[in-house]
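Sequence lines set the chain letters: A, B, ... in the order given, protein chains first and strands last, and positions in each chain run from 1.
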Number of protein chains: 2
Amino acid sequence: METLPGKTVERLSQYRRSLLSCLENGRDYIFSHDLANLHHITAVQVRRDLMLLGYSSVYRKGYPVRKLIEEIGKTLDSSEGQNAAVVGMGNLGTALAHYLSGIRPNLNVVASFDINPAKVGTLINGVPCHHVTALQKVIKEQNISIGIMTVPQDSAIEVADELGKTGIKGILNFTNISLNVPEGIYLEEYDMITSLEKVAYFVKKLGE
Amino acid sequence: METLPGKTVERLSQYRRSLLSCLENGRDYIFSHDLANLHHITAVQVRRDLMLLGYSSVYRKGYPVRKLIEEIGKTLDSSEGQNAAVVGMGNLGTALAHYLSGIRPNLNVVASFDINPAKVGTLINGVPCHHVTALQKVIKEQNISIGIMTVPQDSAIEVADELGKTGIKGILNFTNISLNVPEGIYLEEYDMITSLEKVAYFVKKLGE
DNA sequence: AATCAGGTGTGAATTTATTAACAAATATAG
DNA sequence: CTATATTTGTTAATAAATTCACACCTGATT
């Protein structure tokens with residue numbers, strides 16, 4: 001299938017989690033406008049996203065939840081499974097190891113890295129922590145394709161270079177500096193400071 | 001001035017931090033394409049953002065860094081200063097208290113909240129931690145306008161409601177469920193799971 | 001001082017994302 | 001069994017974001 005727009009991918013990921021919790025609540029069908037309300041968007045947006053998925057509901061009593069989850073999975077998930085690693089097990093890394101562990105059966109956080117000897121060799125939130133010097137080795141051995149960077153700003157560039165050499169395929173960067181990665185590596189960056197400043201700006205503006 | 005698009009605000013926040021580090025390195029002027037390279041965008045984008053700021057550089061030897069920082073500040077910063085609080089001092093909240101403290105002279109994280117008695121009453125990363133029951137009181141007393149939510153999923157809705165009642169003006173939500181907040185409160189949400197799934201999707205796609 | 005090389009600001013064009021509008025379809029009520 | 005009220009899929013319209021293209025400016029160079 002065609003590659004979906006990033007925005008649509010984001011929403012599909014979110015729809016799926018809403019749908020999973022619908023299932024838990026015993027709800028088997030859901031209308032586009034209900035799904036929309038859960039995400040502060042319009043029903044048209046939902047339908048359009050599902051259209052891009054190639055899925056269409058025959059029934060007019062809403063989308064069958066179970067089936068929809070399955071369809072989203074067909075598009076988002078990799079059949080072979082994907083492994084991720086967190087680099088930098090400070091508070092943020094530790095939080096991520098926890099939140100991101102086992103979100104999906106075939107997307108797992110299987111390793112983490114740090115330089116603190118007190119952490120190396122232990123299990124943090126269920127994820128084994130290795131010394132950063134073992135980056136190359138562990139990433140290759142465990143077939144890790146995604147690196148999540150939560151190291152201090154000062155070591156960000158160095159770690160990114162190191163990660164680049166491991167043959168990793170994607171990097172999710174929480175460091176507040178923008179990285180340069182080799183062609184062929186997908187890079188997604190998120191900056192918390194920016195988010196806070198953005199909220200601050202709009203709060204200020206709303207108050208004017 | 002007109003309210004800027006959110007995307008522009010985000011970039012301005014990021015430009016500013018790059019500019020600050022330019023200053024530290026003793027660089028007084030910077031070209032639009034240099035600033036662009038630092039952020040993986042085009043020079044036109046940078047110039048257009050600055051155009052929206054209403055700022056224009058008379059010189060053709062680049063933008064004067066110090067002046068530009070000042071101009072961005074005039075637009076982004078609130079003159080009276082703004083206070084923020086982190087609700088939920090688990091690993092993520094603790095990390096945020098650290099990262100977000102003192103980013104700007106007039107945007108401060110001045111309080112945090114938790115229910116864990118071991119944390120309440122202490123200073124975490126320099127930020128005093130209160131019991132959640134003191135939410136109303138502390139937020140009013142300290143004139144806090146921004147709430148940062150890092151509580152567990154299960155208490156998210158309840159805490160958001162509670163926050164809504166305090167008269168807070170903006171919420172930055174890191175919980176992985178989408179909140180409903182009263183009209184007049186600016187809401188910004190970020191979902192780490194979505195980011196990871198997005199990276200996973202594009203990594204999969206690039207490999208096809 | 002005249003030319004040139006390299007930046008800048010911005011209207012116009014393009015691309016991307018969202019919303020409106022509506023025909024087609026089907027559950028539900030009578 | 002028919003009419004009605006809803007919901008869906010999709011085309012067309014709109015809005016938002018980005019890029020192109022180019023005139024204009026200025027500092028450096030000859």
Rounded distance in Å - [atom1] ([X]) to [atom2] ([N]):
{"X": "B:Lys7", "N": "D:dA16", "atom1": "NZ", "atom2": "P", "result": "13 Å"}
{"X": "A:His40", "N": "C:dT18", "atom1": "NE2", "atom2": "C1'", "result": "17 Å"}
{"X": "A:Asp28", "N": "C:dA27", "atom1": "CG", "atom2": "C1'", "result": "17 Å"}
{"X": "B:Leu52", "N": "D:dT19", "atom1": "CG", "atom2": "C1'", "result": "15 Å"}
{"X": "B:Asp49", "N": "C:dT8", "atom1": "CG", "atom2": "C1'", "result": "15 Å"}
{"X": "A:Ile41", "N": "C:dA17", "atom1": "CD1", "atom2": "C1'", "result": "12 Å"}
{"X": "A:Tyr29", "N": "C:dT28", "atom1": "OH", "atom2": "P", "result": "11 Å"}
{"X": "B:Glu10", "N": "D:dA16", "atom1": "CD", "atom2": "P", "result": "16 Å"}

- Could B:Glu70 and B:Arg66 be called an ion pair, given the rule that one side-chain N must be under 4.0 Å from one carboxylate O? no
- Task: May I ask you to decide whether A:Glu10 forms a salt bridge with A:Lys7, counting only side-chain N to carboxylate O separations under 4.0 Å?
- Result: no
- Query: Between B:Phe174 and A:Tyr190, what is the ring plane arrangement, given parallel below 30°, perpendicular above 60°, and tilted in between?
  - Reply: perpendicular
Listing time: all N or O pairs from protein to nucleotides 5-10 of chain D that are below 3.5 Å?
unit_1 : atom_1 : unit_2  : atom_2 : d
D:dT8  : OP1    : A:Ser32 : N      : 3.2
D:dT8  : OP2    : A:Ser32 : OG     : 2.5
D:dT8  : O4'    : A:Arg60 : NH1    : 3.2
D:dG9  : OP1    : A:Ser57 : N      : 2.6
D:dG9  : OP2    : A:Tyr63 : OH     : 2.6
D:dG9  : N7     : A:Arg47 : NE     : 2.9
D:dG9  : O6     : A:Arg47 : NH2    : 2.9

- Closest heavy-atom contact between A:Phe202 and B:Pro5? CZ-C, 4.5 Å
- What residues, two or more places apart in sequence or in another chain, satisfy side-chain hydrogen bond (donor to acceptor under 3.5 Å, both in side chains) together with B:Glu189? B:Asn173, B:Ser178
- Message: Suppose the criterion is salt bridge (Lys or Arg N to Asp or Glu O under 4.0 Å): which pairs have a residue in residues 22-32 of chain B, not counting sequence neighbours?
- Response: B:Arg27-B:Asp34
- Message: I need the full list of salt bridge (Lys or Arg N to Asp or Glu O under 4.0 Å) pairs touching residues 75-89 of chain A, with sequence neighbours left out, sorted by first then second residue.
- Response: A:Arg16-A:Asp77, A:Asp77-A:Arg104
- Query: Can you check whether A:Thr94's main-chain N or O pairs, donor with acceptor, with A:Asn125's side chain at less than 3.5 Å?
  - Reply: yes
- Overall bend of the helix from C:dA1-D:dT30 to C:dG30-D:dC1 (five pairs an end, 10° steps) is 0°
- Which residue pairs satisfy the side-chain hydrogen bond (donor to acceptor under 3.5 Å, both in side chains) criterion with at least one member in residues 144-160 of chain B, sequence neighbours excluded? B:Gln153-B:Asn176
